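The structure appears right after this line, and notes come after that.
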Amino acid sequence: MNDEFDDLDRALFALPLEAPPPGLRESILRATVYAPAPEPAFRTWEIAAIGAALAVAVWLGILLATDRAFGAALTLGALALGRAFSDPATLTWLSVGGGIAIWLTIVNSAPRLRLPIRNGKA
Amino acid sequence: MNASSPAANDDGILVATALAGRPEAFGTLVERYERAVYHLCLRTMRDPEEAADCAQEAFFKAFRSLATFKPGSRFSTWIFSIAYHACCDRLGRKKRYSNDELPERADPAPGPAAVAEQNDEAQLLRAAIEALPEKYRTVITLYHLQGRQYEEIAEVLKLPMGTVKTHLFRAKELLRKALVTE
């Protein structure tokens, strides 16, 4: 196959490549090699603030977990909450409040009738 | 530009250098392959602006996925493959958003001045390549860029080697006919 097209091959390989438009290389380099580094998800002061807040939270957590009085208070609080929710009066008021909230949501989300605007005449 | 040239042998080293934190090494690869990639894109897209966009997109994609480049393989084949598929994607989008089928030749018919200019042998050959159907034009362009590296051409186009050889044979036949009748 090669011998058959020797002249054509010679002409083909001697054919100069198309010149790229001026500025293409610069544009490629700007988009790749010299592209500005992407913005970090958090800035240094944000990382420091989050770290400090987490450290304080961990410290407080350890402090409370190791305090026996806090454990007792937590148990009492949970029991009080359980008692409150098992009271029929509390449950009644909760269901009334929930029902009103649902009703108001339905009333406000109903589509409003919009009349077409006529020029001047009703 | 042939990938077997001595200049191409250290492409892998340049990739490794860029990956090791010296991205300016990629600049050397851009310098080395910019012209060839643009040439391939121009032959595929037949529009200088679109070709420049595709070439830029190809280098951008290559830079971002440099870590996926297999050491030992040819950078030229890799970048040509990325460029060719960027062109195909763009052509596919154009076809999807256009009601009409794309014309076989996007360029307008050459005027008298252009015809006079085409008397040059290189111009005639270039025009004959331009007039080839897309599948033959791409194969002949890669043959021009890669030399007789049929495996590399097959890899870029994701075609069996037999198909590449057949397309190349037909492309050369058409080119010869076109040049004889000129």
Side-chain angles (χ1 to χ4, degrees), chain A residues 1-59 61 109 111-119, chain B residues 1-2 18 22-31 33-43 48-49 51-53 55-64 66 121-126 128-129 140-141 143-145 147-148 150 165-166 168-169 171-180:
Chain A
M1 188 172 85
N2 290 334
D3 296 336
E4 205 179 329
F5 296 107
D6 260 358
D7 288 344
L8 184 64
D9 276 358
R10 265 194 293 276
L12 203 58
F13 291 130
L15 197 65
L17 299 182
E18 302 286 348
L24 177 64
R25 188 180 304 170
E26 287 72 24
S27 149
I28 293 168
L29 291 176
R30 264 201 308 277
T32 55
V33 180
Y34 304 118
E39 285 275 314
F42 294 103
R43 290 182 186 150
T44 316
W45 71 266
E46 286 173 330
I47 293 169
I50 291 167
L54 279 175
V56 168
V58 168
W59 175 68
S109 61
R112 289 176 188 175
L113 184 65
R114 297 189 75 171
L115 294 170
I117 298 164
R118 292 182 188 176
N119 293 335
Chain B
M1 193 43 61
N2 190 335
R22 291 180 59 198
E24 60 275 12
F26 187 78
T28 311
L29 289 168
V30 172
E31 199 177 317
Y33 292 103
E34 176 209 15
R35 202 178 172 111
V37 167
Y38 174 75
H39 183 85
L40 174 63
C41 293
L42 185 64
R43 285 277 174 268
E49 272 186 35
D53 285 350
Q56 181 163 358
E57 189 183 328
F59 279 108
F60 183 69
K61 280 183 178 171
F63 186 71
R64 287 190 65 178
L66 211 54
E121 191 186 339
Q123 290 290 341
L124 283 173
L125 182 55
R126 205 170 273 145
I129 293 171
I140 208 82
T141 304
Y143 178 71
H144 178 196
L145 293 173
R148 292 182 178 88
Y150 300 111
K165 285 185 177 174
T166 309
L168 197 54
F169 181 78
K172 284 182 178 181
E173 267 190 335
L174 286 173
L175 278 181
R176 195 167 54 184
K177 271 185 201 164
L179 292 172
V180 165

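Note that the structure is predicted; figures quoted are calculated from it, not measured. Throughout, a chain's letter reflects where its sequence line sits, starting with A, and its residues are numbered from 1.
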**Item:** Partner chain A: residue of E24(B), R43(B), E31(B) with the largest heavy-atom pair count (under 4.5 Å)
**Value:** E31(B)
**Prompt:** Between E173(B) and K177(B), is there a salt bridge with N-O shorter than 4.0 Å?
**Reply:** no
**Request:** Output yes when D9(A) and K172(B) qualify as a salt bridge under the 4.0 Å nitrogen-oxygen rule, no when they do not.
**Result:** yes
**Prompt:** Measuring heavy-atom distances to chain B, does L12(A) have an atom under 4.5 Å in its side chain, in its backbone, in both, or in neither?
**Reply:** both
**Request:** Spell out, as yes or no, whether a donor-acceptor pair under 3.5 Å connects the side chain of H39(B) to the backbone of L17(A).
**Result:** no
**Largest heavy-atom contact set with chain A, pairs under 4.5 Å, which of V37(B), I140(B), L40(B), L125(B)** = L125(B)
**Asked** Is it true that atom CZ of F42(A) has more than 12 heavy atoms of other residues, nucleotides or ligands lying nearer than 6.0 Å?
**Response** no
**Asked** Which bit of A19(A) comes within less than 4.5 Å of chain B, counting heavy atoms only: side chain, backbone, both or neither?
**Response** both
